[in-house]
Protein chains: 2
Amino acid sequence: MGAVIAEKNVLAASQASGLLKALADPLRMEVIQSLSEGECCVCDLMEKTGLAQSRLSFHLKVLKDSGLITDRQSGRWVYYKLDLKALQLLEDWIADLKKSCKNAAKPCS
Amino acid sequence: MGAVIAEKNVLAASQASGLLKALADPLRMEVIQSLSEGECCVCDLMEKTGLAQSRLSFHLKVLKDSGLITDRQSGRWVYYKLDLKALQLLEDWIADLKKSCKNAAKPCS
DNA sequence: AGAACGCATCAATTTATTTTGATGTATCAA
DNA sequence: TTGATACATCAAAATAAATTGATGCGTTCT
């Protein structure tokens with residue numbers, strides 16, 4: 001039981017780590033905020049965030065590689081949007097971790 | 001409304017960023033896993049994780065600075081334990097972010 | 001076809017994080 | 001009070017991540 005939960009955390013760990021790492025950056029969080037309003041092309045993201053194209057592109061790649069966002073090309077434009085499943089996965093992972101910590105506050109002998 | 005939520009995310013952003021950054025590391029996640037079993041002194045953590053003392057101490061400091069764990073000295077030993085409040089805060093922050101993304105999946109015009 | 005646009009990618013540099021080994025400090029035991 | 005234990009901290013080196021400016025590639029417009 002406890003082992004199952006622990007095992008689950010272990011298994012999802014590398015995946016969760018990727019998501020956490022991608023999310024744990026102020027610039028990328030800004031991008032996420034922007035995308036929370038809806039799908040958006042890179043040029044609009046540039047306006048919203050004020051980032052240079054190359055710089056933005058770099059961070060979009062990090063976010064995309066983590067699975068937090070997906071892209072879709074249409075003509076000359078590339079549209080990015082959040083993948084809510086990834087966010088849910090992260091929330092679940094933290095919830096699981098919390099569950100497995102029932103006696104985490106118990107003082108040591 | 002949406003603005004309130006957005007504002008809330010912005011405000012908590014730096015705080016959440018700190019927690020995410022601290023958590024987003026495989027070694028530190030291992031430490032967190034170990035601490036999920038209960039309060040633990042550094043020497044026991046060394047055994048559990050197999051990390052060298054100095055290295056472990058470094059990561060413990062990162063975790064402590066983020067607020068994810070707290071410490072308590074007793075004699076020669078220092079005991080660390082998880083702060084579940086921080087974990088809850090993180091979960092809440094992600095839940096809020098998700099909420100503010102209701103139309104994130106809506107395709108662009 | 002040629003030019004402009006939207007974006008990705010690359011190489012070089014800068015900056016931040018991590019690791020390592022050594023040293024410091026407090027506590028306890030002999 | 002000397003020595004050992006448990007841990008933190010520091011400086012130097014190693015590694016990783018981010019920034020910048022340039023270049024490339026596919027798409028549209030003319």
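In this text the structure is predicted, and so the values were computed from the model without any measurement. Below, chains carry the letters A, B, ... as their sequence lines are ordered, and counting in each starts from 1.
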Legend entry - Separation of D:dA16 C1' from B:Phe58 CZ (nearest whole Å): 12 Å
Inset, instruction - Nearest-nucleotide wise, let me know which of A:Ser54 and A:Lys21 is further upstream toward the 5' end of DNA chain D. - result: A:Lys21
Inset, instruction - Return the value, rounded to whole Å, for the distance between atom CG of B:Asp71 and atom C1' of D:dC7. - result: 11 Å
Inset, instruction - State whether B:Arg28 places a side-chain N or O below 4.0 Å from either non-bridging phosphate oxygen (OP1 or OP2) of C:dT18. - result: yes
Inset, instruction - Go through the steps to decide whether A:Gln15 and A:Leu89 satisfy the test side-chain contact (heavy atoms from CB on, under 4.5 Å), and finish with yes or no. - result: CA-CA 9 Å; A:Gln15 201 178 6; A:Leu89 207 143; 3.9 Å; yes
Inset, instruction - Starting at atom CZ of A:Arg55, determine the distance to atom P of C:dT15, rounded to an integer number of angstrom. - result: 12 Å
Legend entry - Nearest-neighbour nucleotide for the A:Asp25 side chain, D:dA8, C:dT18, D:dA18 considered: D:dA18
Legend entry - Atom-to-atom span, CG of A:Leu56 to P of C:dC7 - whole angstrom: 9 Å
Inset, instruction - Measure from OH on A:Tyr80 to C1' on C:dG6 and round the result to the nearest Å. - result: 11 Å
Legend entry - Main-chain N/O of A:Ala22 paired to A:Arg28 side chain as donor or acceptor, under 3.5 Å: yes
Legend entry - Presence of donor-acceptor pair under 3.5 Å, side chain of A:Gln53 and base of C:dA8: yes
Inset, instruction - Nearest whole angstrom, please: distance from the P of C:dT9 to the CG of A:Asp65. - result: 9 Å
Inset, instruction - For residues B:Leu97 and A:Met29, determine if any side-chain heavy atom of one lies less than 4.5 Å from a side-chain heavy atom of the other. - result: no
Inset, instruction - Go through D:dT19, C:dA4, D:dC7 for me and flag the one nearest to the A:His59 side chain. - result: D:dT19
Legend entry - Candidate nucleotides C:dT18, D:dT19, C:dA8, ranked by approach to the side chain of A:Val78 - the nearest: C:dA8
Inset, instruction - Let me know the distance between CG of B:Leu51 and C1' of D:dA8, rounded to the nearest Å. - result: 16 Å
Inset, instruction - Measure the spacing between NZ of B:Lys81 and CD1 of B:Ile69 and express it to the nearest 0.5 Å. - result: 12.0 Å
Legend entry - First encountered from the 5' end of DNA chain D, between A:Trp77 and B:Lys61: B:Lys61
Inset, instruction - For B:Leu27, report the nucleic acid contact type (base, sugar-phosphate, nothing); a contact means any heavy atom under 4.0 Å. - result: sugar-phosphate
Inset, instruction - Establish whether B:Ile32 and B:Leu56 are linked, either directly or via other cluster members, by ILVMFWY side-chain heavy-atom contacts under 4.5 Å. - result: yes
Legend entry - For atom CE of B:Met46 and atom C1' of C:dT19, their distance in whole Å: 15 Å
Legend entry - Selected nucleotide, minimal atom distance to B:Ser57 side chain, candidates D:dA8, C:dC7, D:dT28: D:dA8
